[in-house]
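Working notes, structure below.
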Amino acid sequence: ELDSLGYDRRVLSPPIPMLRRTTLLFALLLLPLTAGILSEPCAAQKKGTHKRTIETGGMTRDFLLHIPSGYNPRQKKLVPMVIMLHGRNGSSEMASSAYYGWKALAKKEKFIVVFPSGIGKPVQWHQGTGAAATKDSLFLSDTIDLMLKELKVDPNKVYMTGHSSGAFMAYSFAATHSHKIAAIGPVAGLLIDKTKPKFPVSVISFHGMVDEIVPYGKEGSWGIPTATESAALFAKHGDCSEHKREDLNKGLVHLDTWTMKKGNTEVQLYSLEKGGHGWPQPGSKSVKTTQLIWEFFKAHPREPAKKKS
């Protein structure tokens, strides 16, 4: 049977049953390959440190994601996550360095760490106040949501720490996004936003008493709460009315603690008499900052939401 141009239709168009058999055979051959691809963990779940990006606030933002050895994307047990914010003029690479020690501790304690990157010139974090969000607070909130979606992260064990500008941001984020984090660990930073968090947030903070960049006390403190006032205000927000002070390391370190009469919310402030603006390192005149923050985080998860009866 020829068409109008003289070509044999039987050659140009194979019979329908033959086409179906060919398609079915091709699909069967591809099935094992596609099944393997779909069952493989996504790149976000590979162990080690990887650079990631996210579209948020009309921008492409980036962060480093560190997943410790031993993490299994198919495991049932959820793991904690720590968000570490670098200081002014810093970077996610700097925040993930051995100077801070978060990757080494994550390997030992089996938790995930996120090292977000700030923006601007100089690079820093931009705090929000009250209900006003910033591109940075939106970025951090969206990143938390992404990690909860992709990884086996316990939503009641999401924590945030930061140095200098990152510490200011941690305080601010806790005030405006208390539903996203259980506790914060600001180092050499102060509270700008006096907004009361909607949910309790525990705090462990550190501040050098001879810090010349972000002053510890009233002198030159820019008209915002001092280190002690910042901690005390969060204690008030969390109904932590019980207060005590301890002297450590031969009186060179002072620990103020505010606790609730009933409940797990707690606020701590380590004041270091010989401490400057850096991240306090282990020693006779200082403390093991990273280790202390993690131990505090472990002891202060967010209470799970009560199920409606």
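Side chain of Ser230 to main chain of Thr226: a donor-acceptor pair is present (N/O by atom type, distance under 3.5 Å, no hydrogens or angles). With hydrogens and angles ignored, the 3.5 Å screen pairs no side-chain donor or acceptor of Arg88 with any backbone N or O of Val123. With Glu109 contributing its side chain and Ala106 its backbone, the two residues share no donor-acceptor pair below 3.5 Å.
Aromatic pair His66/Phe115: ring centres not closer than 6.0 Å. Side-chain rings of Phe234 and Tyr171 approach one another, their centers coming within less than 6.0 Å. Remark: aromatic rings of Phe111 and Trp294 are close, center separation under 6.0 Å.
A donor-acceptor contact under 3.5 angstrom links the side chains of Glu273 and His254, judged on distance only. Inspection of the Ser286 and Gln281 side chains reveals no N or O donor paired with an N or O acceptor under 3.5 Å. Defined by atom type and a distance below 3.5 Å, a donor-acceptor pair is present between the side-chain atoms of His277 and Ser164. In this structure, a donor-acceptor pair under 3.5 Å is present between the side chains of Asp62 and Ser117. Under the 3.5 Å distance criterion, with hydrogens and angles disregarded, no donor-acceptor pair is assigned to the side chains of Thr134 and Asp136. Side chains of Trp102 and Thr161: no donor on one and acceptor on the other come within 3.5 Å.
Proximity of His300 to Asn264: side-chain heavy atoms (C-beta onward) are separated by under 4.5 Å at one or more points. Taking the side chain as every heavy atom from C-beta outward, Tyr270 and Val187 never approach each other to under 4.5 Å. With contacts defined as side-chain heavy-atom distances shorter than 4.5 Å, the pair Phe168/Val214 qualifies.
Listed by chain and residue number, nothing satisfies the salt bridge (Lys or Arg N to Asp or Glu O under 4.0 Å) test with Lys157 (two or more places apart in sequence, or in another chain). Shown here are the side-chain hydrogen bond (donor to acceptor under 3.5 Å, both in side chains) partners of Asp145, two or more places apart in sequence or in another chain: Lys180. For Glu246, the side-chain hydrogen bond (donor to acceptor under 3.5 Å, both in side chains) criterion is met by no residue, not counting sequence neighbours. Partners of Glu242 according to the salt bridge (Lys or Arg N to Asp or Glu O under 4.0 Å) rule, which considers only residues two or more places apart in sequence or in another chain, do not exist here. Listed by chain and number, the residues in a side-chain hydrogen bond (donor to acceptor under 3.5 Å, both in side chains) with Thr56 are Asp142 (sequence neighbours excluded). Looking at residues two or more places apart in sequence or on another chain, you find no side-chain hydrogen bond (donor to acceptor under 3.5 Å, both in side chains) involving Ser97.
A salt bridge does not link Lys51 to Glu93: none of the charged side-chain nitrogens sits closer than 4.0 Å to a carboxylate oxygen. Classification of Asp154 and Lys77 as a salt-bridged pair fails, no side-chain N sitting under 4.0 Å from a carboxylate O.
Heavy-atom contacts from other residues, nucleotides or ligands closer than 6.0 Å to CD of Glu55 number more than 12. Enclosure of atom NZ in Lys47 by more than 12 non-hydrogen atoms of other residues, nucleotides or ligands within 6.0 angstrom is indicated.
Phe139 carries Arg61 over the face of its six-membered ring, with the cationic atom under 6.0 Å from the centre and within 45° of the normal.
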